[in-house]
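For clarity, every value in this text was computed on a predicted model and none was experimentally measured. Protein chains get the first letters and strands the later ones, always in sequence-line order, with residue 1 at the start of each.
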Number of protein chains: 2
Amino acid sequence: MKPVTLQDIADQLGISVTTVSKALKDYPDVSAKTKALVKELATTLNYKPNAFAVNLRTKESKTVGLIIPVIVHHFFSNVIKGIIAEAEAKGYLVIILQSNERYDMEKKHLDLLMNQRVDGIMISLANDTVDFKHLNDVIAADKPMIMFDKIAKTVNCSKVIIDDRQAAYDATQHLIDIGCQRIAHFRGSLLPQNSIDRFLGYRKALRDNDIPYDASLVYICECDDLSFEEGQNNARQLLLDHNDVDGIFINTDLVAIGAISEFNKQGIKIPEQISIVGFSNWFMSSIISPSLTTIDQPGLEMGRSVFKQLYKEIQQLKRDEKVDYQQIVLPTQLIQRDSTLKVK
Amino acid sequence: MKPVTLQDIADQLGISVTTVSKALKDYPDVSAKTKALVKELATTLNYKPNAFAVNLRTKESKTVGLIIPVIVHHFFSNVIKGIIAEAEAKGYLVIILQSNERYDMEKKHLDLLMNQRVDGIMISLANDTVDFKHLNDVIAADKPMIMFDKIAKTVNCSKVIIDDRQAAYDATQHLIDIGCQRIAHFRGSLLPQNSIDRFLGYRKALRDNDIPYDASLVYICECDDLSFEEGQNNARQLLLDHNDVDGIFINTDLVAIGAISEFNKQGIKIPEQISIVGFSNWFMSSIISPSLTTIDQPGLEMGRSVFKQLYKEIQQLKRDEKVDYQQIVLPTQLIQRDSTLKVK
DNA sequence: TTTTTTACCGAAAACGTTTTCGAAAACACC
DNA sequence: GGTGTTTTCGAAAACGTTTTCGGTAAAAAA
């Protein structure tokens, strides 16, 4: 019924708690005989150290926190998987909270994790987070924190990201390479940094290739639960607005798939009339028809990398070393499929 | 730097820790004046109670554990979302672990959560779990535990499920209602209970309608990461094996979508030649062409329900009441779309 | 004034560990 | 048998909180 404690073992063996504790942790100053006795009784009684007491003493919880905008999302759920896998390997548990893309939730959850005294925090920002005080508070409290994917550039901590700008540049350049001249862009909402960066990459590619930038070719979608419909709508609107577009770089695969379905419905040939490049390499992209050329965004790898960096900083802090913040940029890759013409 | 404690506040105010503690918790035996003083200093010092110490004293962690076969999965990530939302509302944090459909991981993680002394556990079983000792151990330790979706019927605890058998029956009956006579079934792997139940529901519907059961019409797929391809392969094989099949009930939407893509490719008209019903109501089902008739499996609702039941049992345990185990069956619903003929 | 009540405060134990430090016991050596 | 060394053990403090219980002072009643 009641969980068994060191005291229980000590009583049964007629020795002190001290010796029991040391026996279980293989201290050199306890005899082999008593060690064996203690360990045996501990397993038969199924002794489990009380985590609270251990934490209180040692001041570490072997627990880390994760704050993420959405869970039901291909990329983020892969990140979660990567983090949990790596954390488990190091004996850490992960507490997950979801901000639902809302700043006030994000702040509240950060507070919860600090109260819980997790050993470190991993966070990807909500779309509407513009004030970073809550993040700087964490850093001021000397709590290791890693930001990933959706980051705040001005906050001074380690970050794991992809080079959104370069990836978008590559995507756009690919469209140009296969001969596209009027290239539209379906971008994400205005605030988040990666949506901005992808737009900038798109524009830079145009400029580097002496293709004039035309703001009327840029369409915005919020990329929430209705991404697919947004893709359809934007595609429909695009056809009404312009008749000379021959390529589109789209912020997210799901939006791209919506666009493709609309073009299919309207009899627009892909890639002959319009070539399309998506972003994220969602597994459906290889499955739909035509399959979608896209940028591979390595969620699992990012998760692993995030926890590894956090772990490194936790260790550094424990050893009173200077923690050195890293900016880790994971490579992305253009995956060419049937939604873009083959390079000549 | 160092987190502020009750002692710090007491020292600065020249009073005792006892009074500080009581003031913060609004005990009646501390004057309004000191209460105000304490609370003010607490907020200016940004005092946060040390969770370890509180837990050690009160013996509850305000933390619950979740063990789930896979995270990157539409249904399960919705369950997670539901659980976290409900837990947060009650002030609980959720530790998530992933068994990767493996029994040994499941067992290890259960152990981790017990060591961590979470207040309760929610679990959906791995496919290859056939021994239930680890689960009974949890119950024997009087730790509240809820099983959901993939459950062990013989383990004595609360469960939240859908009626897989009835849902499968409804799906098959729908095919019969629209005139199908040779109905195939793509089932999941042999072990998990819900895969079995869906098969049984399929068979019962046939029997109740005097349609002979033909084992050669049942195809198995493991429903892992390659579900889509399995759907394609099964569809291809089915066309080779039989030329008279006019309806298929498929264990999972993703497999069904694979099958549809294969039928599309081979020029089989859906629903005119073959009607198809899927399972789970993945959001892509409404998006593909033809859209997929399916059974709605309410993941978010299940998550909420799971935590609510867990919370109830935690409260009952705390009040030394008898915890009464519930078997909660959530309703499913057939969603008719374009992959099945309209009812005449 | 004395007694009783009320209001307010604090000492101390407890939760279960970890770790320091000193002491006892056992052994070795001369 | 004395001295020094090694081995083995345990007392005690500490981590930060909660809660019981008793005590003092002021207010109310006598």
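No side-chain heavy atom of I96(B) sits under 4.5 Å from any side-chain heavy atom of V94(A). When side chains are defined from C-beta on, T19(B) does not count as touching V38(B), because their heavy atoms never get closer than 4.5 Å. In this structure, I67(B) and L110(B) have side chains that are in contact, with non-hydrogen atoms separated by less than 4.5 Å.
With hydrogens and angles ignored, no donor-acceptor pair under 3.5 angstrom links the side chain of D29(B) to the base of dC8(C). With hydrogens and angles left out, the side chain of R57(B) and the base of dT18(D) share a donor-acceptor pair within 3.5 Å. For dA12(C), the base has a donor-acceptor partner in the side chain of T18(B) [N/O atoms by modelled type, under 3.5 angstrom]. A donor-acceptor contact under 3.5 Å links the side chain of K22(B) to the base of dG10(C).
With rounding to whole Å, L13(A) atom CG is found 15 Å from dG10(D) atom C1'. When the P atom of dT17(D) is taken as reference, atom CG of N50(A) falls 17 Å away, rounded to whole Å. Atom P of nucleotide dC8(C) and atom CG of D26(B) are separated by 13 Å, given to the nearest angstrom. Regarding F52(B), its CZ atom lies at a distance of 14 Å from the P atom of dT18(C), rounded to whole Å. Remark: C1' of dT17(D) and NZ of K62(B) are 16 Å apart, rounded to the nearest angstrom. The CZ-P distance, from R117(B) to dC15(C), rounds to 14 Å in whole Å. Between L6(A) atom CG and dA12(D) atom P there is a gap of 18 Å when expressed in whole angstrom units. Following rounding to the nearest Å, N55(A) (CG) and dT17(D) (C1') show an atom-to-atom distance of 14 Å.
When the nucleotides dC15(D), dC15(C), dT17(D) are ranked by their closest atom to the side chain of T5(B), dT17(D) comes out on top. For S16(B), whose side chain is taken as the heavy atoms from C-beta onward, the closest listed nucleotide among dC8(C), dT19(C), dG10(C) is dG10(C).
Side chains of Q98(A) and H109(A): no donor on one and acceptor on the other come within 3.5 Å.
I151(B) CD1 to N194(B) CG: the interatomic distance, rounded to the nearest 0.5 Å, is 8.5 Å.
Phosphate contact (OP1/OP2 of dC21(D), side-chain N/O of Y27(B), threshold under 4.0 Å): absent. For the OP1/OP2 pair of dG16(D) and a distance below 4.0 Å, the side-chain nitrogens and oxygens of S21(B) include no atom meeting the criterion. For dG16(D), one of the phosphate oxygens OP1 or OP2 lies less than 4.0 angstrom from a side-chain nitrogen or oxygen of K59(A). Between T19(A) and the phosphate of dG10(D), there is a side-chain N or O to OP1/OP2 separation shorter than 4.0 Å.
If L56(B) and A32(B) are placed on DNA chain C by their nearest nucleotide, the residue sitting closer to the 5' end is A32(B).
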